[in-house]
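In what follows, a single structure is set out as structure tokens and then discussed.
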Amino acid sequence: MNEEKLKIALQKSGRLSADSIDLLKTCGIKFDNGTGKLRSAARNFPLEIFFLRDDDIPQYIADGVADIGIVGENVLAEAQIEAEIVERLGFGKCRLSLAVPKSFEYKNIKSLDKMRVATSYPKILNNFLARNSIEAEIHTISGSVEIAPSINLADAICDLVSSGSTLFTNGLKEVETVMNSEAVLIARPKLEDNAQTILEKLLFRVKAVKAAAENRYILLNAPNEKIVEIIQLLPGIKSPTVMPLAKTGWSSVHSVINENDFWEIVENLKNKGAEGILVLAIDQMIS
Ligand code: PRT
Ligand code: ZN
């Protein structure tokens, strides 16, 4: 039975856990994820879920214990294992950056020559420095990298940044982006046929959930003479649905719009005479 299941590794507890679990659940996959659980079998999909520390996920995949996993690209790049990114997931966004104390007179990357840089990402940093012909001393530390300059352990740091507030509160300034990162679904190369078939089924659902999250369903009413202009404001879909209302001379228009353009489009629609505008979230969107 077991070998007929696809094995996925998720972060047990941390920044990617909730979004990873939500993604599978929105894909309609039912499983228990109670605290303390290390593995769980899905009840309605051939998937076995392992809950692990994020840093361990690439190795589990390389060793064949798990077939696929969800990790930050930063973790994958540092692990330097052979795994394919099968889908970018759009959450857990951050960047791995170099930062120096505010008082450091930073001009360009050459300012880091001969400096000591503290990081939890020595391999990525080493590649980056080599590409830029910088010789620096890399100090590998596993946590609280941001305090390294204040205790004189390093002149600069290379760490993950999202809002930038950690750097700010530690008197540091961001000077170079080493890599951008987001959560990715990764897979062991050359999956067995059965595992590959299950992965494709899962990917079909993941893509539908991702597309849905980026779009909104919009319904509105408008007088018939305004319909042509209103339809022109609804891009990105082949053709909106237009249906007559019970009230003579009026129609209802249904369409799908991208969430990034959403406020601007709604404003323009209103200015063109649209009324009763309803905007709904979409659970799945299959093109
Ligand atoms: O226990 P486990 O080993 O599984 O977890 P962890 O503590 O190693 O990782 P976790 O949960 O902190 O992060 C998991 C993944 O989330 C990372 O590998 C990244 O891909 C992604 N991610 C996104 C982040 C951040 N944003 C982030 N801001 N990971 C860490 N941070 C930290 C950063 O290290 C720094 O300390 O947050 C601080 C900076 O945040 P800002 O907002 O102040 O800039
Ligand atoms: Zn970790």
Side-chain angles (χ1 to χ4, degrees), residues 7-24 33-40 49-63 65-66 68-81 83-102 117-128 138-151 153-154 156-187 206 210 213:
K7 289 168 275 179
I8 186 169
L10 305 183
Q11 189 187 25
K12 184 170 163 47
S13 77
R15 289 169 197 262
L16 304 184
S17 310
D19 285 331
S20 303
I21 289 168
D22 280 358
L23 175 66
L24 293 186
N33 55 289
T35 36
K37 255 198 182 302
L38 295 179
R39 66 202 272 187
S40 177
I49 302 138
F50 291 85
F51 298 99
L52 305 169
R53 284 201 55 193
D54 67 344
D55 320 71
D56 296 337
I57 292 176
Q59 198 56 48
Y60 271 73
I61 291 177
D63 294 344
V65 178
I68 64 171
I70 296 179
V71 284
E73 275 174 287
N74 51 301
V75 168
L76 176 65
E78 185 63 25
Q80 298 189 339
I81 57 146
E84 191 195 341
I85 295 180
V86 286
E87 190 70 29
R88 312 182 74 78
L89 299 174
F91 59 83
K93 285 193 178 168
C94 57
R95 54 199 185 274
L96 184 64
S97 288
L98 281 156
V100 295
K102 281 195 190 102
V117 189
T119 189
S120 307
Y121 296 89
K123 290 181 188 152
I124 302 175
L125 177 60
N126 189 43
N127 288 344
F128 178 82
I138 299 178
H139 286 255
T140 307
I141 50 180
S142 60
S144 304
V145 173
E146 64 280 0
I147 63 163
S150 64
I151 56 170
L153 188 71
I157 66 161
C158 174
D159 198 12
L160 298 174
V161 182
S162 46
S163 68
S165 66
T166 303
L167 293 184
F168 184 80
T169 50
N170 285 281
L172 300 167
K173 59 181 179 191
E174 193 175 352
V175 291
E176 303 282 344
T177 303
V178 175
M179 77 176 282
N180 286 303
S181 178
E182 68 183 270
V184 286
L185 182 65
I186 59 172
V206 168
K210 262 183 69 181

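Atoms within each ligand, like the ligands themselves, are counted from 1 in listed order.
- The cationic atom of Lys12 (NZ for Lys, CZ for Arg) does not lie both less than 6.0 Å from the six-membered ring centre of Phe50 and within 45° of the ring axis.
- Taking CG of Leu96 as the reference point, atom CD of Glu78 lies at 8.5 Å (rounded to 0.5 Å).
- Closest protein heavy atom to atom 15 (C) of ligand 1: Leu16 CG, 3.8 Å.
- Within the 4.0 angstrom cut-off, atom 7 (O) of ligand 1 has no protein heavy-atom neighbours.
- Remark: at the Zn ion (ligand 2), atom OD1 from Asp55 and atom OD1 from Asp54 enclose 80°, rounded to the nearest 10 degrees.
- A donor-acceptor contact under 3.5 angstrom links the side chains of Ser97 and Glu174, judged on distance only.
- By the 3.5 Å distance cut-off applied to N or O atoms, Asn74 is counted among the residues near ligand 1.
- Counting protein heavy atoms only, atom 1 (O) of ligand 1 is closest to Arg53 NE, 3.7 Å.
- Residue-ligand proximity, Val75 to ligand 1, at heavy-atom distances under 4.0 Å covers atoms 18 (O).
- Side chain of Ser162 to main chain of Cys94: no donor-acceptor pair is present (N/O by atom type, distance under 3.5 Å, no hydrogens or angles).
- Atom 40 (O) of ligand 1 has its nearest heavy-atom neighbour, among Ser162, Gly72, Ser13, in Ser162.
- In the vicinity of Val161, heavy-atom distances shorter than 4.0 Å reach the ligand 1 atoms 44 (O).
- In the vicinity of Gly164, heavy-atom distances shorter than 4.0 Å reach the ligand 1 atoms 41 (P), 42 (O), 44 (O).
- Counting the atoms of ligand 1 from 1 in the order shown, those under 4.0 Å from a heavy atom of Gly14 are 11 (O).
- Any N or O atom pair closer than 3.5 Å counts here, and Gln11 shares at least one such pair with ligand 1.
- Protein heavy atom at the shortest distance from atom 22 (N) of ligand 1 is Cys94 SG, 3.6 Å.
- Listed by number with element, the atoms of ligand 1 under 4.0 Å from a non-hydrogen atom of Gly92 are 21 (C), 23 (C).
- Partner of Pro149 under the side chain to side chain contact (heavy atoms under 4.5 Å, CB included) criterion, chosen from Ile157, Val100, Val117: Ile157.
- Closest of all the heavy-atom pairs between Ile124 and Met179 is CD1-SD, 3.8 Å.
- Atom 30 (C) of ligand 1 has Arg15 NE, 3.3 Å as its closest protein atom, hydrogens excluded (heavy atom only).
- A donor-acceptor pair under 3.5 Å is absent between the side-chain atoms of Thr119 and the main chain of Thr140, judged by distance alone.
- Looking from atom 41 (P) of ligand 1 to the surrounding protein, the closest heavy atom is Ser163 OG, 3.4 Å.
- Considering backbone and side-chain atoms alike, Glu146 places every N or O at 3.5 Å or more from each N or O of ligand 1.
- Taking CG from Asn33 and OG from Ser40, the interatomic distance works out to 7.0 Å, rounded to the nearest 0.5 Å.
- Within the 3.5 Å criterion, the main-chain N or O of Asn170 finds no donor-acceptor partner in the side chain of Glu146.
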_Go through it in stages, so that I can follow the logic: the residues are Leu76 and Ile85, the test is side-chain contact (heavy atoms from CB on, under 4.5 Å), and I'd like the CA-CA distance, side-chain angles, deciding distance and then a yes or no._
CA-CA 9 Å; Leu76 176 65; Ile85 295 180; 3.7 Å; yes
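- Looking at heavy atoms from C-beta onward, Val145 lies out of side-chain contact with Tyr121 at the 4.5 angstrom threshold.
- In this structure, the protein non-hydrogen atom closest to atom 35 (C) of ligand 1 is Leu160 O, 3.6 Å.
- What sits closest to atom 43 (O) of ligand 1 on the protein, heavy atoms only, is Thr166 OG1, 2.5 Å.
- With hydrogens left out, the protein atom closest to atom 36 (O) of ligand 1 is Asp159 OD2, 4.1 Å, a heavy atom.
- You'll find the side chain of Leu185 reaches within 4.5 Å of the side chain of Ile8, heavy atoms only.
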